[in-house]
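Just so it is clear, the values below take in all heavy atoms, side chains as well, and ignore hydrogens, waters and symmetry mates. Predicted model only: the values in this text are computed from it and were never measured.
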Amino acid sequence: MEGDCLSCMKYLMFLFNFFIFLGGACLLGLGIWVIVDPTGFREIVAANPLLFTGAYIMLAMGAMLFLLGFLGCCGAIRENKCLLLFFFMFILLIFLAELSAAILAFIFRENLTREFFTKELKKHYQRNNDTDVFSSTWNSVMITFACCGVNGPEDFEDIRHLPYSSLEKAIPEACCQRELQSREGMFVNKEACLEGIERFQNRQGCYTVILNSFETYVYLAGALAIGVLAIELFAMIFAMCLFRGIQ
């Protein structure tokens, strides 16, 4: 009976570690995508130290989970006490790190409000100055998502104009409609857009557009994170039980 219980524990641990292996692969893939994605997210990550750090933490955590899931599977199948103990200690460290990251994300969530982005835009944005990382990032976002400012074109009314602009309240070129939403895309009518004709402008704010675009993915990421934490917890329990059961 004891042998059957140990065998059941071994295969359950293998199953949990297989899911950890898959979860690590997903996090690793997501981290790589955020860092190398060519549609503007790379610039956003580079411009924001918090996002930059978070992306690399996600990449590192994914790689560690990928490796540990593999080690856990090997330790369970081979019934190796050293591998099981090594797996337990490292999965515990990862579990605590992920829990700390979730708490920090909750604490600093106010930095992602509409008011925060509006304030930062009005303070740092320099329109078509692509040598400035902040401005280049915003231009990439507005072009990619066909949006304008945080709330809309009115965000740019209080931002000073660079010498090349002769219009008193012209919106930046990135807010003008394009046939293809990329920097290489042709303008529908650039002159009319800059003169203030609204039908040639992107009028919707980026905050709403991006929030709507990623709402589903945010819930999916949250559910995935909770699932990974639960699987890690069960894997630690099974690892310790299997460790104590091996003679």
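Here CD of Q126 is found 11.5 Å from OG of S136. Values are rounded to the nearest 0.5 Å. Here CE of M142 is found 10.5 Å from OG1 of T137. Values are rounded to the nearest 0.5 Å. Distance check, rounded to the nearest 0.5 Å: CG of N189 to CD of E195 gives 8.0 Å. Rounding to the nearest 0.5 Å gives a distance of 8.0 Å between CG of N151 and CD of E115. Taking CG from L92 and CE from M236, the interatomic distance works out to 5.5 Å, rounded to the nearest 0.5 Å.
Checking side-chain atoms of Q201 against main-chain N and O of C193 turns up a donor-acceptor pair under 3.5 Å.
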Worksheet item: Is there a side chain to side chain contact (heavy atoms under 4.5 Å, CB included) between T208 and R114 once you walk through the steps?
Response: CA-CA 9 Å; T208 301; R114 185 188 297 268; 3.4 Å; yes
Item to complete: I would like to know whether L194 and C176 meet side chain to side chain contact (heavy atoms under 4.5 Å, CB included); could you show each step before the answer?
Response: CA-CA 8 Å; L194 295 178; C176 295; 4.1 Å; yes
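Considering only heavy atoms from C-beta on, F117 stays 4.5 Å or farther from C206 through its side chain. Residues E120 and F134 are in side-chain contact: their nearest non-hydrogen atoms beyond the backbone lie under 4.5 Å apart. Contact annotation: the side chain of V141 approaches that of I210 to within less than 4.5 Å [non-hydrogen atoms, C-beta and beyond]. No side-chain heavy atom of L93 sits less than 4.5 Å from a side-chain heavy atom of M89.
The minimum heavy-atom distance between N202 and Q177, with the atom names listed, is OD1-CG, 3.4 Å. Heavy-atom minimum distance, D155 versus T118: OD1-CG2, 4.2 Å. In plain terms, the two heavy atoms of V150 and W138 that are nearest each other are CG2-CH2, 3.5 Å. In plain terms, the two heavy atoms of A174 and N139 that are nearest each other are CB-OD1, 3.5 Å. Across all their heavy atoms, L121 and G149 have their closest contact at CD2-CA, 4.0 Å.
Heavy-atom contacts from other residues, nucleotides or ligands closer than 6.0 Å to CZ of F95 number more than 12. Within 6.0 Å of CZ on F187 lie more than 12 heavy atoms contributed by other residues, nucleotides or ligands. The 12-atom threshold is not exceeded at CZ of F18, counting heavy atoms of other residues, nucleotides or ligands nearer than 6.0 Å.
At a threshold of 4.5 Å between side-chain heavy atoms, the hydrophobic network of Ile, Leu, Val, Met, Phe, Trp and Tyr places F88 and L96 in one connected group. One hydrophobic cluster, built from ILVMFWY side chains closer than 4.5 Å, holds both M240 and F19.
Applying the side chain to side chain contact (heavy atoms under 4.5 Å, CB included) test to K119 and every residue at least two apart in sequence or in another chain returns nothing.
Remark: C175 SG to C148 SG, distance under 2.5 Å.
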